[in-house]
Amino acid sequence: MSADRVSDSGEERLALAFSQHVVRLQTLFEQTIAPALAAQGLTPAELDVLAALRSVGAPHQLRPKELAARLLLTTGGLSNVLRRLEVRGLVSRIPDPSDGRSHNVRLTPAGVDTAQLATAAATTALHRVLTAVPVETLADTLSQLRAILATVADTQVGTPALRYLPEPGGLDDPTAR
């Protein structure tokens, strides 16, 4: 079959349907958390950055390249988000002691507080819309999605994204206090 023809195989249709459902869920989840983030003055990308820094534990800092890899962002895209967060006093760039030419990104105390509040608010909003789904279904689906993400990220993107995903009850799980 030529590359310009759309395949009609069952497996390819399944792959397309799967990706469409994942994208639709992502859209619905972003719409669900938007009011909670707006109350904190954050975008989803800004929350992702704050939560990723918070998840690494004190002193809540990473190199920009590591942060971009965790979030599957380009360093250019991350740079814009970091600028906005830095202007608001939620992150700071500090010299990297192991490489005088580069900087680390660190949550400020206000950033830690904002990350905690926004993550808790977003989690509460998501919980409200997912309460109709049985816990067992959520747990099983999470396990399956982790396996799929590991395979796709490692083979297609070349980024071991799974190592950056929190386990339920991890540091960035606001229910694990």
Side-chain angles (χ1 to χ4, degrees), residues 22-130 142 145-146 148-150 152-154 156-177:
V22 169
V23 168
R24 183 69 179 136
L25 275 173
Q26 173 66 21
T27 301
L28 290 170
F29 290 159
E30 284 186 356
Q31 290 171 353
T32 298
I33 67 171
L37 295 184
Q40 299 292 324
L42 297 173
T43 67
E46 291 167 342
L47 174 61
D48 288 345
V49 168
L50 295 176
L53 289 169
R54 182 173 165 251
S55 74
V56 297
H60 306 292
Q61 73 181 31
L62 289 169
R63 290 185 172 145
K65 188 174 182 174
E66 293 172 307
L67 188 54
R70 284 175 183 261
L71 300 174
L72 299 177
L73 292 173
T74 65
T75 52
L78 175 64
S79 189
N80 292 328
V81 175
L82 291 178
R83 248 190 312 279
R84 291 192 307 264
L85 293 172
E86 192 171 22
V87 165
R88 292 186 53 206
L90 301 177
V91 300
S92 61
R93 297 175 201 237
I94 59 168
D96 183 341
S98 65
D99 181 356
R101 299 168 296 162
S102 63
H103 289 80
N104 290 328
V105 178
R106 178 184 286 179
L107 279 182
T108 63
V112 172
D113 292 344
T114 300
Q116 192 166 349
L117 289 170
T119 301
T123 301
T124 298
L126 290 168
H127 179 257
R128 274 196 302 271
V129 300
L130 290 170
L142 176 60
L145 285 172
R146 288 178 67 84
I148 292 167
L149 180 59
V152 171
D154 290 350
Q156 297 299 317
V157 181
T159 301
L162 188 64
R163 74 174 176 220
Y164 302 126
L165 288 178
E167 292 293 332
L171 279 177
D172 57 352
D173 179 351
T175 63
R177 291 195 179 116

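Position 1 is the first residue of the sequence, and the numbers go up from there.
- Across Ala115 and Arg54, no two heavy atoms sit closer than the pair CB-CD, 3.8 Å.
- Between Glu66 and Val56 the shortest side-chain heavy-atom distance does not fall below 4.5 Å.
- Within the 4.5 Å cutoff, side-chain heavy atoms of Arg63 are placed close to those of Asn104.
- Interatomic distance, Ile94 CD1 to Ser102 OG, rounded to the nearest 0.5 Å: 10.5 Å.
- Listed here is the closest heavy atom pair of Thr75 and Lys65: CG2-CA, 4.5 Å.
- Each of Thr108, Leu50, Val81 was evaluated against Val91; a single residue qualifies, Leu50, per the side chain to side chain contact (heavy atoms under 4.5 Å, CB included) test.
- Interatomic distance, CG of Asp96 versus CG of Leu62, reported as 11.0 Å (0.5 Å rounding).
- With hydrogens and angles ignored, the 3.5 Å screen pairs no side-chain donor or acceptor of Ser79 with any backbone N or O of Gly76.
- Distance check, rounded to the nearest 0.5 Å: OG1 of Thr114 to CG of Leu90 gives 4.5 Å.
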Give the table of side-chain donor-acceptor pairs shorter than 3.5 Å for residues 31-38, with sequence neighbours excluded, one pair per line with atom names and distance.
{"unit_1": "Thr32", "atom_1": "OG1", "unit_2": "Leu28", "atom_2": "O", "d": "2.8"}

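- The CG atom of Leu85 sits 11.0 Å away from the CG atom of Asn80 when rounded to the nearest 0.5 Å.
- Between Leu47 atom CG and Glu30 atom CD the span is 10.5 Å, to the nearest 0.5 Å.
- The stretch residues 74-89 participates, sequence neighbours left out, in these salt bridge (charged side-chain N to carboxylate O under 4.0 Å, His left out) pairs: Glu46-Arg84, Glu86-Arg93.
- With a 4.5 Å cut-off on side-chain heavy atoms, Leu82 and Leu67 count as touching.
- In this structure, OG1 on Thr27 lies 6.5 Å from CZ on Arg24, to the nearest 0.5 angstrom.
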